[in-house]
Visitor: 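Starting off with a structure, shown below.
A note on names: the letters A, B, ... follow the listed sequences, proteins ahead of strands, and every chain is numbered from 1.
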Protein chains: 2
Amino acid sequence: MSGNDATPYDPHAFEPFAVTVDLAVFTVREGGLHVLLIRRGQDPYAGAWALPGGFILPRECAEDAARRELAEETGLSQESAAALHLEQLRTYSDPDRDPRMRVVSVAYTALVPGLPEPRGGGDAAHAQWTAVGALPALAFDHARIIADARERVRAKLEYTSLATAFCPPEFTLGELQQVYETVWGVELDRPNFRRKVLASPGFVEPVEGAPRRTGGRGKPAALYRAGTATTLHPALLRPERRSEGERSV
Amino acid sequence: MSGNDATPYDPHAFEPFAVTVDLAVFTVREGGLHVLLIRRGQDPYAGAWALPGGFILPRECAEDAARRELAEETGLSQESAAALHLEQLRTYSDPDRDPRMRVVSVAYTALVPGLPEPRGGGDAAHAQWTAVGALPALAFDHARIIADARERVRAKLEYTSLATAFCPPEFTLGELQQVYETVWGVELDRPNFRRKVLASPGFVEPVEGAPRRTGGRGKPAALYRAGTATTLHPALLRPERRSEGERSV
DNA sequence: CCCTTTATGGTCATCCTGACTATAAAGGAG
DNA sequence: CTCCTTTATAGTCAGGATGACCATAAAGGG
């Protein structure tokens with residue numbers, strides 16, 4: 001809802017809340033999952049690494065603000081950035097998460113293909129990809145946000161076609177498999193992976209043109225593009241994970 | 001993050017944002033999924049139905065505010081309400097969602113067992129359960145919030161033990177099955193449902209005491225309580241849903 | 001010309017699932 | 001008390017999906 005019935009609506013009657021967006025932008029490169037970090041130039045946490053983000057403007061919804069920051073931070077045009085996968089993660093509202101004032105932040109997860117070098121424009125002078133396995137100390141509660149975002153991505157690879165968001169427009173099944181292996185941190189059997197992907201209607205569809213050869217070392221692979229399905233049936237379950245489904249006895 | 005590096009931090013330099021929580025409280029009763037609605041007493045939308053909710057207090061995080069509103073609206077004590085399932089859904093931030101001022105709302109989904117009659121305390125004079133299949137016109141974007149919450153619950157029944165949150169502390173497998181059938185709107189085969197629930201480690205565990213008989217019409221059923229698992233392996237997939245996983249060919 | 005690497009096509013035993021049959025144990029109607 | 005209905009619970013069985021392999025094809029590198 002939007003306010004208690006008995007509450008007056010003087011805009012300045014309350015402690016002012018600032019509302020920001022934070023972005024956890026992931027990509028797969030060099031066989032590892034990487035997240036985009038910027039170096040803060042001001043206090044608090046001056047010099048520390050942090051997630052890109054910023055204030056929601058007066059006439060913006062949170063998603064527009066996130067899309068705008070995504071374009072700025074990746075150096076892509078608004079049009080290019082519009083094609084990227086962007087999804088609301090959750091909102092962080094601990095009263096003490098920002099020492100200056102009350103700041104509520106709506107966190108988003110974005111997935112980008114390939115390895116577009118970040119081109120920190122504007123306030124983000126130093127944006128760079130960092131392996132999620134080797135994160136530095138982070139400002140605010142940003143370590144927590146990255147952990148939440150990472151777990152969300154891991155889970156959604158199972159039952160959605162999200163993995164294709166990490167791939168270029170045309171990709172091989174080997175590249176798609178590498179996305180799964182990188183995000184899940186496991187090795188998958190190639191023939192079985194192929195069988196399951198092709199058995200999931202709408203997950204990928206073949207490209208008619210010639211197969212790629214490029215610098216690849218083995219037999220040229222067929223190219224596919226993302227299909228129209230968003231959810232996968234059947235799902236692509238990740239292999240056995242211990243310490244996860246507890247047992248009652 | 002929390003503010004552009006170049007942005008000053010005068011708390012009153014920005015248009016003030018109000019931040020509220022909205023609650024989509026679900027229960028299963030009379031064979032249908034119901035959501036808790038209150039009747040608004042003031043403009044805007046005076047007289048209209050709306051979700052319970054309210055402002056986040058200065059020293060509260062959103063979850064505390066949601067838990068507080070949940071206790072108020074259900075008439076439960078803070079301690080009883082603390083046991084209920086409460087989960088952040090997502091944040092709604094359309095600049096025009098509230099005609100009075102800029103209000104960003106963090107929506108939560110709550111699941112309550114049985115049928116505790118709502119006891120609207122304080123500002124919620126008229127709280128009542130409404131079948132989700134027969135919703136009235138709702139204030140703000142609350143119809144959208146309910147739709148999102150409902151879909152989230154539907155999806156999470158598949159791969160989490162969430163269904164037990166709709167059940168009393170001790171329940172029969174028939175009651176658990178009714179939760180699934182009600183939320184999914186399907187009929188399930190009893191023996192198969194039983195086999196799958198018992199095969200999911202940590203989903204339910206048997207209660208040693210005597211089986212229930214009470215007013216039941218058939219053979220007395222064994223009692224179970226919720227197990228320690230939160231995620232289900234294997235998952236309990238809902239039966240065939242058309243018009244959902246599109247096909248590429 | 002072999003060897004390594006990657007892609008792709010199969011096999012096979014196992015597990016899970018859905019559909020279905022059968023039996024047990026209550027209450028209600030007559 | 002005896003059917004009859006209702007719910008709980010135990011099996012059976014065929015088909016589909018999965019994981020563990022094996023085999024072949026087609027590239028590049030020494």
Visitor: Distance-only, no hydrogens or angles: does the B:His233 side chain make a donor-acceptor pair with backbone N or O of B:Thr231 under 3.5 Å?
Guide: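 Between the backbone of B:Thr231 and the side chain of B:His233 there is no qualifying donor-acceptor contact (under 3.5 Å).
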Visitor: Just wondering, are more than 12 heavy atoms of other shown residues or ligands nearer than 6.0 Å to CD in A:Glu151?
Guide: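 It does: A:Glu151 CD has more than 12 such atoms within range.
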Visitor: Between atom NE2 in B:His233 and atom P in D:dG19, what is the gap in whole Å?
Guide: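 Computing the B:His233:NE2 to D:dG19:P distance gives 14 Å.
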Visitor: Can you find a donor-acceptor N/O pair under 3.5 angstrom joining the side chain of B:Arg195 to the base of C:dG18?
Guide: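 For B:Arg195, whose side chain was compared with the base of C:dG18, there is a donor-acceptor pair (under 3.5 Å).
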Visitor: With B:Leu188, which of B:Lys196, B:Arg194, B:Glu181, B:Gln178 fulfils side-chain contact (heavy atoms from CB on, under 4.5 Å)?
Guide: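 Going through the options one by one, the only one that passes is B:Glu181.
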Visitor: A:Leu223 CG to C:dT8 C1': how many Å, rounded?
Guide: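 Distance, rounded to whole Å: 15 Å.
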Visitor: Checking the side chain of B:His142 only, and the main-chain atoms of B:Ala50 only, is there a donor and an acceptor separated by less than 3.5 Å?
Guide: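 Absent.
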Visitor: Has B:Tyr180 got a side-chain atom pairing as donor or acceptor with B:Leu157's backbone, closer than 3.5 angstrom?
Guide: yes
Visitor: Nearest-Å distance, CG (B:Leu232) to C1' (C:dC16)?
Guide: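 Rounded to the whole Å, the gap is 15 Å.
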Visitor: Under 3.5 Å, which donor-acceptor pairs do the side chains of residues 215-224 of chain B form with other protein atoms, sequence neighbours left out?
Guide:
none

Visitor: Go through the side-chain N and O atoms of A:Ser77 and A:Ser80 and say whether any donor and acceptor fall under 3.5 Å apart.
Guide: yes
Visitor: Any base atoms under 4.0 Å from B:Ala222, or only sugar-phosphate, or nothing? Heavy atoms, all strands.
Guide: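 Answer is sugar-phosphate: B:Ala222 comes under 4.0 Å of backbone atoms only.
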Visitor: Should A:Asp148 and A:Arg152 count as an ion pair when the cut-off is N to O under 4.0 Å?
Guide: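 Salt bridge flag = no for A:Arg152 with A:Asp148.
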Visitor: Roughly, in whole Å, what's the span from CG in A:Leu237 to P in D:dA17?
Guide: 13 Å
Visitor: Under 3.5 Å, which protein N or O atoms sit close to an N or O of nucleotides 26-29 of chain C? Give each pair with its distance.
Guide:
from	atom 1	to	atom 2	distance (Å)
C:dA26	N3	B:Arg217	O	3.3

Visitor: Using a cut-off of strictly less than 4.0 Å between a heavy atom of the residue and any atom of DNA chain C, enumerate the qualifying residues of residues 175-194 of chain B by number.
Guide: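 DNA chain C contact set from residues 175-194 of chain B: B:Asp189, B:Pro191, B:Asn192.
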